[in-house]
Amino acid sequence: ATEDTTTDPATGGKYTGSFTFTSEGTVTAENAVAASTTVLASQLGVDASAVTEVAAALDSDAWTVNYAVTTTSENDVATKDAAAKMFTDTKAAFETAMVDAYKALDGSFDSTIVLTAFASLVEATEDTTTDPATGGKYTGSFTFTSEGTVTAENAVAASTTVLASQLGVDASAVTEVAAALDSDAWTVNYAVTTTSENDVATKDAAAKMFTDTKAAFETAMVDAYKALDGSFDSTIVLTAFASLVEATEDTTT
């Protein structure tokens with residue numbers, strides 16, 4: 001068999017994309033991101049882990065979702081083709097999948113979702129001004145207050161769960177979690193290990209935790225704490241969230 005040398009085979013790559021949608025139902029950014037991640041993966045034909053950097057923003061009455069997707073040599077052509085046809089051939093299927101995914105997150109959601117635009121994938125430009133992210137180990141901390149009864153053991157367990165989900169890493173990547181009460185505020189120290197794929201996004205998530213996603217973090221903490229202690233019936237207020245600092249190796253021994 002002679003090899004076809006007229007075209008380069010698809011090698012896979014990283015692309016950025018976006019779509020917009022409207023809904024008469026109540027949509028939150030957190031749920032829009034989660035639903036979009038699920039649906040993009042299924043409709044583009046990639047693993048969920050290949051859809052990254054998903055962000056949702058509301059402008060007037062329309063939501064815009066930006067995302068990145070990484071393809072392999074096997075699915076590169078099909079994924080780009082799927083994106084190109086999403087607003088025409090598979091628009092209805094995408095809208096139905098979005099509604100189903102959103103309902104799974106919010107059982108009270110009872111509305112349609114209308115796809116108003118779906119952009120073709122654009123090859124992500126590499127940032128050559130900095131070395132590519134290689135992943136690493138970082139230390140971080142946050143403080144919170146609560147009028148409810150909090151134990152150190154439960155604070156550690158809840159924090160581990162929530163840090164993993166909010167920072168976008170596996171639970172096993174969050175280690176060395178410790179919680180201490182000083183006066184009326186709890187301080188939680190932790191370490192997180194990133195990969196080359198999630199390093200930038202994880203650091204970015206930590207940097208935005210006290211501003212953009214403060215409410216989502218607080219809600220997640222309450223839910224995680226209630227799962228550990230059913231009698232817990234209070235809010236949790238995030239009072240500080242430090243940016244991640246590269247962990248220094250101990251070379252004294």
Ignoring hydrogens and geometry, is there a side-chain-to-backbone donor-acceptor pair from [X] to [Y] under 3.5 Å?
X	Y	result
T96	A93	no
T145	A185	no
E218	L238	yes

- Message: Regarding E123 and K80, does a basic nitrogen lie under 4.0 Å from an acidic carboxylate oxygen?
- Response: no
- Query: With a 4.0 Å cut-off, would you call E197 and K14 a salt bridge?
  - Reply: no
- Message: Tell me if the centroids of the rings in F217 and F210 come within less than 6.0 Å of each other.
- Response: no
- Can you tell me if CG on D223 sees more than 12 non-hydrogen neighbours from other groups inside 6.0 Å? yes
- Under the ring pair (Phe, Tyr, Trp, His ring centres under 6.0 Å) rule, collect the residues that match up with Y225, sequence neighbours excluded. F232
- Item | Member of N198, V200, D204 meeting the side chain to side chain contact (heavy atoms under 4.5 Å, CB included) criterion with T202 | N198
- Item | Option passing side chain to side chain contact (heavy atoms under 4.5 Å, CB included) with F19 (candidates T64, L40, T116, V39) | L40
- Message: Same cluster or not: Y67 versus L58, using hydrophobic residues (I, L, V, M, F, W, Y) connected whenever any side-chain heavy atoms lie under 4.5 Å apart?
- Response: yes
- Query: Stepwise, does the side-chain contact (heavy atoms from CB on, under 4.5 Å) test hold for L244 with V192?
  - Reply: CA-CA 9 Å; L244 296 178; V192 59; 3.8 Å; yes
